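Side chains are part of it too, since the values below use all heavy atoms of this structure and drop only hydrogens, waters and symmetry mates. No experiment lies behind these values; they were computed from the predicted model shown.
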Amino acid sequence: EMSPAVERILTAGGIPWVNVTIHPVRFLDDLLLGLKSNVPEVQQAIAKYKIPEGFVQLGAGVQKATAARSFDAHARPNSALFLMQTWYDQSQIKNGRFVGPLDFMDDITAFAGQFSEFLVKEHPLEKHPAVPIMAALIPNMRIVTGNAYSFMSIPEISTVATLSSGTATEARYFSKDARFFYKPSVELYRQEGDNPAAYVGVMDEFLSTDFWRDVLSPLIE
């Protein structure tokens, strides 16, 4: 969880690093880690351990099957789900301050008007003061509760939106369109054509000494 500033300082000083973050895909049996390095050879070695996309899609399929059996919430066809975040989320720092939904209200209002319903789910750990203001400005808005993955599983939800939450990254595995009003929380390398310097999702290989022996071999014996 090094900040971009620390990454830049270390790189400018010629110091190699491997940065580790929590991967935005969090619906699998265990949490993934995302790893990246400022040394291209180390980054290439990490990429060899990238979690297969098919495995992630399988995990989303399990979530959808569970929701089909037990989730009874309803939405109108062609609805959007907007997922709130905590007030002080590190992915929402812009030009030295925290931004929130009200900073993007014109775009959010125009976006909401494209759907039959605009469902807003608050973060489970924190109520957001912007929600009542959003409700006053968006006629088709409805506040919902329940499991976010269950909402992503129902066919009536066509799009998942957020400022910068990783849930919009997850939504693609549920065959939903995704909209970030600010930016993705973590840039990922998932397939050919992605930024090769982005975070690589790794399952549990990092627990083995063989993993680190391989990954750090460009730097040390």
Side-chain angles (χ1 to χ4, degrees), residues 21-34 51-86 89 91-92 100-101 104 107-128 130-131 134-135 138 140-191 194 198-199 201 203:
T21 191
I22 299 294
H23 194 283
V25 169
R26 301 179 185 181
F27 53 78
L28 300 177
D29 291 341
D30 200 356
L31 290 176
L32 303 177
L33 292 184
I51 186 170
E53 285 293 288
F55 184 80
V56 182
Q57 291 164 355
L58 178 63
V62 172
Q63 292 286 338
K64 288 190 281 188
T66 302
R69 292 196 307 269
S70 59
F71 191 60
D72 59 358
H74 300 286
R76 296 176 185 171
N78 189 35
S79 290
L81 175 67
F82 186 89
L83 294 162
M84 301 293 292
Q85 296 167 252
T86 56
D89 187 313
S91 69
Q92 294 174 207
F104 303 89
D107 289 340
I108 293 174
T109 302
F111 174 80
Q114 303 172 31
F115 299 91
S116 56
E117 275 194 300
F118 187 68
L119 308 182
V120 173
K121 184 183 182 306
E122 296 213 62
H123 193 279
L125 299 180
E126 183 177 275
K127 299 287 186 181
H128 202 295
V131 170
M134 294 171 64
I138 301 174
N140 62 336
M141 175 174 154
R142 178 162 64 93
I143 300 172
V144 296
T145 59
N147 186 280
Y149 301 128
S150 296
F151 276 104
M152 291 186 206
S153 299
I154 60 176
E156 291 82 4
I157 301 293
S158 61
T159 303
V160 176
T162 182
L163 293 190
S164 58
S165 170
T167 48
T169 298
E170 295 176 300
R172 296 187 175 100
Y173 294 102
F174 292 79
S175 302
K176 309 298 182 185
D177 293 332
R179 170 70 185 270
F180 291 98
F181 285 98
Y182 179 33
K183 64 177 184 178
S185 57
V186 176
E187 186 182 13
L188 298 173
Y189 175 78
R190 293 180 294 190
Q191 58 191 6
D194 292 343
Y199 281 100
M203 195 66 175

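- Between Gln92 and Thr86, the closest heavy-atom pair is OE1-O, 3.7 Å.
- Using a 4.5 Å heavy-atom threshold, the side chains of Leu33 and Ile22 count as touching.
- Closest heavy-atom contact between Thr167 and Met152: O-CE, 3.5 Å.
- The line from CZ of Phe115 to CZ of Arg76 is 14.5 Å long, rounded to the nearest 0.5 Å.
- Distance check, rounded to the nearest 0.5 Å: CG of Asp29 to CZ of Phe55 gives 6.5 Å.
- The shortest side-chain heavy-atom distance between His123 and His128 does not fall under the 4.5 Å cut-off.
- At least one side-chain heavy atom of Met84 sits under 4.5 Å from a side-chain heavy atom of Val120.
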> Given Asp30 and Leu28, is the side chain to side chain contact (heavy atoms under 4.5 Å, CB included) satisfied, shown in steps?
Replying inline: CA-CA 5 Å; Asp30 200 356; Leu28 300 177; over 6 Å; no
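- Using a distance-only test at 3.5 Å, with no hydrogens or angles considered, no donor-acceptor pair links the side chain of Glu117 to the main chain of Arg142.
- Donor-acceptor pairing under 3.5 Å is lacking for the side chains of Ser153 and Gln63.
- Side-chain contact between Thr169 and His23 is absent, with no heavy atoms from C-beta onward closer than 4.5 Å.
- Remark: the backbone N or O of Pro77 is paired with a side-chain donor or acceptor of Ser116 at under 3.5 angstrom.
- One distance of note links CD of Glu170 with CG of Leu83; it measures 9.0 Å at 0.5 Å rounding.
- Taking the centre of each ring, Phe174 and Phe27 come in below the 6.0 Å mark.
- In this structure, CD in Gln85 is found 5.0 Å from OG in Ser91, a value given to the nearest 0.5 Å.
- Nearest heavy atoms, Ile154 versus Ala75: CD1-CB, 4.3 Å.
- When atom types are taken as modelled, the side chain of Asp89 and the backbone of Ser165 share no donor-acceptor pair closer than 3.5 angstrom.
- For Lys121 (side chain) and Leu81 (main-chain N/O), no donor-acceptor pair under 3.5 Å exists by modelled atom type.
- The CZ atom of Phe181 sits 9.0 Å away from atom OG1 of Thr162, with the distance rounded to the nearest 0.5 Å.
- Taking every heavy atom of both residues into account, Ala112 and Ile138 meet most closely at CB-CG2, 3.6 Å.
- Scanning all heavy atoms of the two residues, the minimum distance from Met203 to Ile51 falls at SD-CD1, 4.0 Å.
- In summary, the side chains of Asn78 and Ser158 do present a donor paired with an acceptor at a separation below 3.5 Å, with no hydrogens or angles considered.
- With contacts defined as side-chain heavy-atom distances shorter than 4.5 Å, the pair Tyr149/Arg26 qualifies.
- Ring geometry, Tyr182 versus Phe104: the interplanar angle falls from 30° to 60°, so the pair is classed tilted.
- A distance of 6.0 Å separates CG in Asp107 from CZ in Arg179, rounded to the nearest 0.5 Å.
- In this structure, Ile108 and Pro101 approach most closely via the heavy-atom pair CD1-O, 3.6 Å.
- Under the 6.0 Å cut-off for aromatic ring centres, Phe82 and Phe111 do not qualify, their centroids lying 6.0 Å or more apart.
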